[in-house]
Each structure stands twice: as C-alpha cells, then as structure tokens.
Amino acid sequence: MTVQMVAFAVKRLVSAVLVLFAVSILTFLIFVAIPNGDPALRLAGRTATASDIAAVRHTYGFDLPVWQQYLKTMGEVLSGNIQSYTQHVSVFSQIERGFPATLSLALGAAIIWMVLGIVFGLIGALRAGKASDVTITTASFIGISAPAFVVGAVLLYFLAFKLKIFPNGGYVPITQDPVSWFTHLLLPWFTMSILYIGIYAQVLRSGVLEVLDADSVRTARAKGLSPTRVLLKHVLRLSLIPIISLWGLDLAAVVGGATVIVEVVFNLNGIGQYLQQSVGALDVPPVLTLTLLGAFFVVLANAVVDVVYALLDPRIRS
Amino acid sequence: MSATDLDERPAPEPVSVPGAAEGASPLQLALRRLRSNKVALVATVVFLVVVVLCLLAPVYSAHIAHTGPNNNHLSDQVRVGGKLTDVVSVDGIPIGPTWHSRFLLGADTNGRDIAVRLLYGGRNSLEIGVIATLITLVGALVLGVAAGYFRGWTDTLISRALDLIWAFPALILGIALGVSLALGGISIGPLHLKGGSLLVPAFVIGVVYIPYVARPLRGEVLTLREREFVDAARILGFGRLRIILREILPNLASTLLVFGALQLAQSITLEAALSFLGAGVQAPNSSWGTMLSGAVQLVTTSPHLTLAPGLMLVIAVLSVNLIGDGLRAAFDPRASVRRGR
C-alpha cells in the first residue's frame with residue numbers, strides 16, 4: 001500500500017460519506033415532505049379530535065421546522081433509538097431479530113449464483129453456438145424474466161406441498177438446528193439466485209468470448225500452454241474481474257433489502273419481511289430506516305469495489 | 001499510405017461497396033438482421049397477442065365471461081361437467097379453472113372471474129410499464145444529453161443527482177416512493193397525480209430507472225460531441241440546440257430503442273414486485289402484481305391464483321426481453337449485456 005493508494009481510499013470513503021448524507025436528506029424528504037401524507041392524522045387514529053391530532057403532532061415533533069425534524073430523526077436513527085409508529089418498539093431490535101435470516105439467505109444465494117453463473121457462463125462461451133450454449137442462453141433469459149414471487153410460489157407448490165421434499169417455508173436459526181436451517185433455505189436460495197445466475201452467465205459468456213481474442217491469450221497459446229491452463233490462468237482471470245465487482249454490488253443490494261420478495265414468499269421473517277409488514281401498515285420509521293440501510297450497503301460496497309479496483313489497476317488512482 | 005497522409009482523418013466511406021447491400025442505411029441493415037432473427041420475431045408475435053388480448057378485455061368481459069373484473073360471485077354457482085358447483089366453496093376455497101366461458105381460469109376468494117381480471121390487470125400492468133419506460137427514456141435523454149454535451153458544472157450537477165438515485169437498491173427506492181406517494185399523490189408543477197392513480201407507480205418506476213439509462217447515454221454523447229460531423233456543424237455556425245437535435249439525437253436513436261425494450265421488461269417486473277408488496281397499484285385497481293400479492297399464501301389450496309397471473313407475467317416479460325435482445329443484436333452486434341440492479 002503506497003501513500004497514493006491510501007489517499008485514494010480516504011478520498012473515496014469521504015465521498016461515500018457525502019453521498020450517504022445526501023441520501024439521508026432525500027430519504028427524509030420522501031417520507032416527510034410529501035403532500036397530504038400528514039403522519040399525525042394516521043397516528044391519532046380514526047376517531048381523533050383536532051386537539052388529539054395537535055397533541056400527537058407535538059409529541060412526535062411534526063410541528064417543528066423540517067430541518068429540525070430531519071436532525072431529530074437522523075439523531076434517532078444513528079443512536080439506534082428510532083421507534084416504530086404502530087407497534088412502538090425499537091426499529092433496530094426488529095432489524096437485529098431479522099438479520100440472521102436475511103444474511104443467511106443473501107450469502108447462501110450469492111455463493112450459489114456466483115458458482116453456477118461462472119459454470120454456465122464458461123460452458124456457454126466454450127460451446128458458443130452449440131446446443132448446450134443455446135440451452136443455457138434460453139434458460140438464462142427465462143431466469144432473468146421470471147419474477148422471484150412466481151418462481152418461489154411454484155417451487156413451494158410442487159416441491160414443498162405436492163412432493164413434500166422441502167419444508168413449507170419458515171426459517172430455523174443455524175444455532176438451533178444446522179440441518180433444518182439448510183433444508184429450509186434451499187428453495188429460497190435457489191429462488192433468489194435464479195435471476196442472478198442468468199445475468200452472470202450472460203456477462204461471463206460475453207466476457208470470456210471477448211478475452212479469448214485478446215493478445216495475452218494468443219501469446220499464452222503460442223507458448224504452448226495446455227488449453228485448460230490457458231483457460232484457467234489467463235482467460236478466466238481477466239473475465240472474472242467485472243463479475244467480482246458485480247457480485248459485491250449485488251450482494252450489497254440483496255443484504256440491503258432486495259431479499260424482501262423471497263422472504264415474503266417463504267415466510268422467512270427477516271429484515272425484508274419486516275419492511276413489507278411496515279409498508280402494509282404505512283409505518284414510516286422502519287421503512288425510512290430500512291431504506292437508509294439499503295443505500296448504506298450499496299454506497300459502502302461501491303466504495304469498497306472502487307478501492308479494490310484501484311489496488312488491482314494503478315491507472316484508476318489518478 | 002504515404003507519410004503525408006498520416007495526420008489526415010480517414011477517408012469517408014464509399015457510398016456503395018461492391019458486393020455489399022446496395023445503398024442500405026444502418027436502419028435498413030438492422031431491420032434486415034432483425035427479420036432473420038426468428039426468436040425475436042416469435043417474441044414480437046407473442047407480445048402482440050398478449051397486448052391485443054388485454055385490449056380486448058371489455059369484449060371478453062361482456063360477451064364471453066358475462067361479468068366484470070370487480071364483480072363478486074361469492075354465493076353463485078356455475079355448471080361444471082353437468083353439475084352445479086359453488087364458485088367459492090363453504091370453506092372459502094375458490095373454484096379452479098372450469099375451461100368454459102364462465103370462470104375459464106377459475107375464481108378468486110371473492111368469486112371474481114380470474115380470466116377477466118387477468119386481462120384488465122394486464123392492461124394496467126402494460127400501461128404502467130409503457131408510461132414508466134417513456135418517463136425513464138425522456139428523463140434519461142434530457143439529463144444524459146445535457147450532462148454529456150454541456151459538460152462542466154451541468155455535468156457535475158446532473159451526475160451527482162443521478163448518483164443519489166443510484167445509491168438506493170431499485171426495489172427499495174421503489175418501495176419508499178411508492179409507499180409515500182400512494183397516500184397523498186404528488187404534484188409536479190401543473191401536473192397533479194392522485195394517490196390511487198395508476199400514474200403514481202408509473203412515475204415511481206420511471207424515475208427509479210433514469211440513472212441506469214442516463215449514464216450510458218451521457219457516455220455516448222461525450223464521445224459523439226467530439227466527432228467530425230459535430231465539429232463540422234459547429235464550424236458552420238449551427239446553434240447548440242440545432243446540433244443536439246439534428247446531429248446528436250439521431251445517433252442515439254438505436255440505443256434508445258434497445259434500452260426502451262429492455263426497460264419495458266424491467267418496468268413491468270418492478271411494477272409487479274411493488275404491487276406484490278403493496279407499494280404499487282392500489283385497490284380497487286388491479287394488475288398482475290396485485291393479483292399475485294394475496295395469492296402466494298393460498299398457493300397450496302388454489303394454485304391457479306398464482307399460476308394464471310404468474311404465467312402471463314413471465315410470458316410478457318420474457319417476450320419483451322427477447323425483443324430487446326434481438327434489437328440489441330440487430331443494432332449493435334458487439335454490445336455486451338446491460339442491466340439494472
């Protein structure tokens with residue numbers, strides 16, 4: 001690590017913090033400055049009198065200037081004290097409760113889609129134009145086009161309900177029963193991965209096809225290296241770089257809440273399902289906190305990916 | 001090539017190359033490639049069939065199913081295989097596909113005809129998808145061209161604003177905007193969208209995807225503005241607006257077309273996801289997503305509630321994706337895969 005490198009990393013992280021600051025303002029405005037969305041009316045209930053509403057408005061600080069409300073809300077988020085409107089429980093305690101399920105789902109799915117994406121992408125590139133390539137491309141398109149809630153529901157119906165091979169939804173903590181944890185997550189993992197497998201296979205396929213024509217690969221072949229060695233040492237190494245950065249960003253988005261649909265279909269009770277329940281109840285604090293959390297993961301992953309890239313390729317640093 | 005030629009620009013392409021397609025414009029060449037792409041052609045036919053079926057929803061509703069999309073038939077009976085059957089059983093389980101004119105694809109838990117709702121819901125899904133795509137394309141075009149052509153602080157401002165939207169996972173930003181706008185709607189200048197309007201999810205989806213299209217457009221404009229024909233127009237004294245409209249925009253047409261198709265697929269999918277989660281289309285309106293939202297919990301007793309809208313959604317999105325891929329291959333055979341998060 002050179003001084004230059006450290007300077008780049010610091011610069012990148014500072015800009016990430018600035019983006020997050022802007023993100024927090026935008027998120028706050030989305031929920032607070034919306035016309036007719038007065039949260040006091042909802043909090044006070046259907047039979048509230050004007051004085052009830054005024055009381056609620058004062059207790060929650062809705063009568064403060066917008067910038068003060070922003071500071072108050074962000075203070076609550078950062079100190080972890082933010083409370084939900086409807087259940088009056090700490091939002092972070094709910095997030096903590098759901099996190100193991102969401103993380104299990106996200107990490108397992110990310111590993112599956114990475115491995116299968118690479119395998120199918122390689123097969124597709126090496127057999128370009130042949131039957132196996134056409135099959136993989138077709139399957140990729142179906143995978144990209146099939147929404148998770150349709151795939152998940154169909155899998156649940158046939159494999160869990162009809163054939164009873166898998167449990168019918170739910171989450172079991174790994175600390176409680178690792179085998180049961182695994183069997184409960186297998187269908188959700190697959191459902192979550194199917195979109196990304198399709199994308200990664202296609203990205204890698206076109207990447208490998210491009211690299212196969214590169215000078216370095218031609219040189220390696222001319223040196224008389226075996227085709228397998230050329231493939232693993234030269235082709236794969238070059239074409240994996242974009243895939244790895246993609247993986248970092250997608251994993252961040254998934255941990256940051258993109259698991260919501262799969263969690264709902266399989267009733268996994270993670271962060272995503274908490275988000276969905278809060279959406280249903282129009283409960284602003286959890287939705288606001290989870291939106292910020294999602295952006296936090298994406299911005300952080302973006303910065304990390306940029307720094308790793310700069311480590312690998314000195315040209316980017318300038 | 002002699003030494004004096006070295007710093008001259010390459011000679012313009014000859015008008016006709018012997019053996020090549022005579023006088024064919026890039027558009028004609030692309031259409032020719034597209035026409036030989038069987039998959040894209042089949043996909044186009046399939047998508048048109050879906051669109052026409054959805055447009056014919058009122059005809060189907062009035063003359064075949066004899067019921068509307070929001071008519072409940074909780075206590076009705078229907079003749080299946082010669083005997084009368086409850087539309088919704090005493091246990092609350094709706095009838096499955098009858099494969100007859102009434103309740104062709106079965107009923108939902110309110111005794112509403114699934115086939116009728118599927119067509120009406122499809123109109124909403126497709127309408128939202130198309131409007132969202134137009135919002136994305138127009139927004140991305142204005143921002144991408146402005147940032148790429150004017151550069152400087154305009155570019156900085158626009159790029160930072162796009163970064164901001166980009167910082168959210170698309171689904172999460174869609175949920176956040178969808179939830180907050182579903183209540184009160186939104187006013188943008190003279191335009192006012194009511195809370196329950198279909199235009200709200202269309203607006204949300206359209207905005208969420210703007211950076212995904214604006215960024216590549218900006219990049220393209222950055223290179224286009226340095227090209228010889230733009231220099232020539234500048235030297236001829238043409239104004240900025242004329243250069244943008246006459247020189248830059250026509251060169252973005254094929255990119256926009258390809259993005260348009262792929263974006264339509266993404267928008268339909270996001271609409272379904274948002275509606276599935278309750279942050280998209282609001283009752284009493286329906287879409288494929290809203291039909292699916294209650295259905296997943298009932299998949300064990302009434303799989304048709306999931307399969308009917310689910311299959312329609314997959315067919316529609318798949319065909320649009322294949323059309324988009326065909327367009328991409330036709331207009332830019334060397335381009336690689338693109339996507340949103």
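Proteins get letters first, then strands, A, B, ... in listed order; numbering begins at 1 in each.
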**OP:** Look at A:Ser145, A:Gly207, A:Ala252 and state which one has the largest set of heavy-atom pairs under 4.5 Å with chain B.
**Re:** A:Ser145
**OP:** With a 4.5 Å cut-off on heavy-atom pairs, point out which of A:Val260, A:Val19, A:Val287 contacts chain B the most.
**Re:** A:Val260
**OP:** Please work out whether the ring planes of B:Phe276 and A:Phe149 are parallel, tilted or perpendicular, with thresholds of 30° and 60°.
**Re:** parallel
**OP:** Take the angle between the ring planes of A:Trp113 and A:Tyr196 and call it parallel below 30°, perpendicular above 60°, tilted in between.
**Re:**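 It falls in the parallel class, under 30°.
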**OP:** Test the A:Lys164-A:Phe161 pair against the cation-pi criterion, namely NZ or CZ under 6.0 angstrom from the six-membered ring centroid and within 45° of the ring axis.
**Re:**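 Yes, A:Lys164 sits over the ring of A:Phe161.
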Close side-chain approach of [X] and [Y], heavy atoms under 4.5 Å:
X        : Y        : answer
B:Ser286 : B:Val281 : no
B:Val314 : A:Pro147 : yes
A:Leu251 : A:Val255 : yes
A:Leu288 : A:Val77  : yes

Subject >> Non-neighbouring partners of B:Asp163 that pass salt bridge (charged side-chain N to carboxylate O under 4.0 Å, His left out), sequence neighbours left out >> reply: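 Listed in chain order: B:Arg160, B:Arg215.
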Original post:
Can you tell me if B:Trp288 uses its side chain to pair, donor with acceptor, with the backbone of B:Gly121 under 3.5 Å?
Top reply: no
**OP:** Without swapping roles, check the side chain of B:Ser293 against the backbone of B:Thr290 for a donor-acceptor pair under 3.5 Å.
**Re:**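 Yes, B:Ser293 side chain to B:Thr290 backbone: donor-acceptor pair under 3.5 Å.
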**OP:** For chain A, find which of B:Thr269, B:Leu313, B:Val39 contributes the most heavy-atom pairs closer than 4.5 angstrom.
**Re:**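 Greatest number of close heavy-atom pairs with chain A: B:Leu313.
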**OP:** Please determine, among B:Ala279, B:Gly278, B:Pro303, B:Pro309, the option with the most heavy-atom pairs under 4.5 Å with chain A.
**Re:** B:Pro303
With a 4.5 angstrom heavy-atom cut-off, could you sort out which part of [X] is near chain A: side chain, backbone, both or neither?
X        : answer
B:Leu292 : side chain
B:Ile268 : neither
B:Ile315 : neither
B:Ala265 : neither

Subject >> Contacts with chain A made by residues 316-324 of chain B (heavy-atom distance under 4.5 Å), listed by residue number >> reply: B:Val317, B:Leu318, B:Asn321, B:Leu322
Given heavy-atom pairs under 4.5 angstrom as the criterion, report whether the side chain, backbone, both or neither of [X] touches chain B.
X        : result
A:Leu18  : neither
A:Leu26  : side chain
A:Asn168 : side chain

Original post:
Where do A:Tyr70 and A:Ser24 land on the side chain to side chain contact (heavy atoms under 4.5 Å, CB included) test, with the steps shown first?
Top reply: CA-CA 9 Å; A:Tyr70 167 78; A:Ser24 74; 2.5 Å; yes
